[in-house]
Structures are given as C-alpha cells and as structure tokens.
Amino acid sequence: MEKRNTIQKQLVIDAVFRLANHPTAEEVYEEVARMHPSVSKATVYRNLSSLSEDGKLRHIQMPGGADRFDHTLSIHRHIICTKCGAFADAPAFETQMLDEEVEKSTGFRDVTHDIVFCGLCPECAKKESEHK
C-alpha cells in the first residue's frame, strides 16, 4: 500500500533539506514551526519516521544522543566532534565484507550497519593546540 504524500511530509522533508546539517527531530520541528506554527511536534516526528521508513530520509541513530536525519541517501558515513558536537559526512570505504561476515557468524539476514566516527573537529583541535 502506497503512503500519501501530504503537505506536512513535504514541509518536513523541505526543512531537512534546508537545514542540510544532519538535524535532530527537534531542530526539524523548530524549522517547520518557524514557518508553519500550526504543525504539531507529533506530526513532524511521525513524518520523519515515515519518510525514513520510505527511504526518502536517512535516520541516523545516535547512542547517547539525539538521533539525526540526513537528506543525502548515497552511501557515506558520519563523524561527530567529541568536544563541540559538530556532525559531518565522512567518506565510505568498502564494508560489504563486514556485513557478510556478521551474517555468517550470527545467522542474521539482511545485515546492514551505520558507522559514526568520533574525533576532534578541526576547529576544536585548533583551539586545543592554542591552549597548550
């Protein structure tokens, strides 16, 4: 069954594209509400979930932090600064073998993964070296 493409869905996806910085659900809600105050937080959250399930947005689960949403659907990874929380795209290296090995060793099927690297962003590294 095909899902409807509602005005609210379009507002949510437009907000993610406008923000273009891997926004959290709260940031997407704030962006939508800024232009359309009548749209509820529940509507934004529900549409983020639906758009992710439909493959129109990428849902990035962040253990210990707020999940993020990405409009770039091509294969890539992410990196987060451990000091300031800056979040960015990182190149993807071949990891198909990793999925296959996990399938073989666990018996799970259709294994996928999402990698988020952690480190100091250039700005924080510069500040840190200036203080030494």
Spatial distance of atom [atom1] ([X]) from atom [atom2] ([Y]) [nearest 0.5 Å]:
X    : Y    : atom1 : atom2 : result
L57  : N47  : CG    : CG    : 10.0 Å
C121 : E128 : SG    : CD    : 10.0 Å
S49  : D67  : OG    : CG    : 10.5 Å
I115 : I60  : CD1   : CD1   : 12.5 Å
T106 : E101 : OG1   : CD    : 10.5 Å
I80  : L120 : CD1   : CG    : 12.0 Å

Worked verdict on R68 versus V116 for side chain to side chain contact (heavy atoms under 4.5 Å, CB included): CA-CA 11 Å; R68 294 174 175 266; V116 178; over 6 Å; no

Pair E123-C84, side chain to side chain contact (heavy atoms under 4.5 Å, CB included): steps then yes or no: CA-CA 9 Å; E123 289 288 317; C84 73; over 6 Å; no

Does [atom1] in [X] sit with more than 12 non-hydrogen atoms of other residues, nucleotides or ligands closer than 6.0 Å?
X    : atom1 : result
L73  : CG    : yes
F108 : CZ    : no
E100 : CD    : yes

In one Ile/Leu/Val/Met/Phe/Trp/Tyr side-chain cluster, 4.5 Å: [X], [Y]:
X   : Y   : result
M35 : V28 : no
Y29 : F69 : yes
V44 : I7  : yes

Kindly give the heavy-atom pair with the smallest separation between [X] and [Y], and that separation in Å.
X    : Y    : value
C118 : I79  : N-CG1, 4.3 Å
K83  : C124 : CB-SG, 3.8 Å
Y45  : A25  : CZ-CB, 3.7 Å
S52  : H59  : OG-CB, 3.6 Å
L48  : V12  : CD2-CG1, 3.6 Å
R58  : S74  : NH1-O, 3.9 Å

Check: D110 main-chain N/O paired with E103 side-chain donor or acceptor under 3.5 Å: yes

Donor-acceptor contact below 3.5 Å, side chain D70 vs main chain T72: yes

Plane angle bin for H22 and H78 - parallel if under 30°, tilted between 30 and 60°, otherwise perpendicular: perpendicular

Qualifying salt bridge (Lys or Arg N to Asp or Glu O under 4.0 Å) pairs with a residue from residues 23-49, counting only residues at least two apart or across chains: R18-E31, E26-K41, E31-R34

Side chain proximity check, H71 to I13, heavy atoms < 4.5 angstrom: no

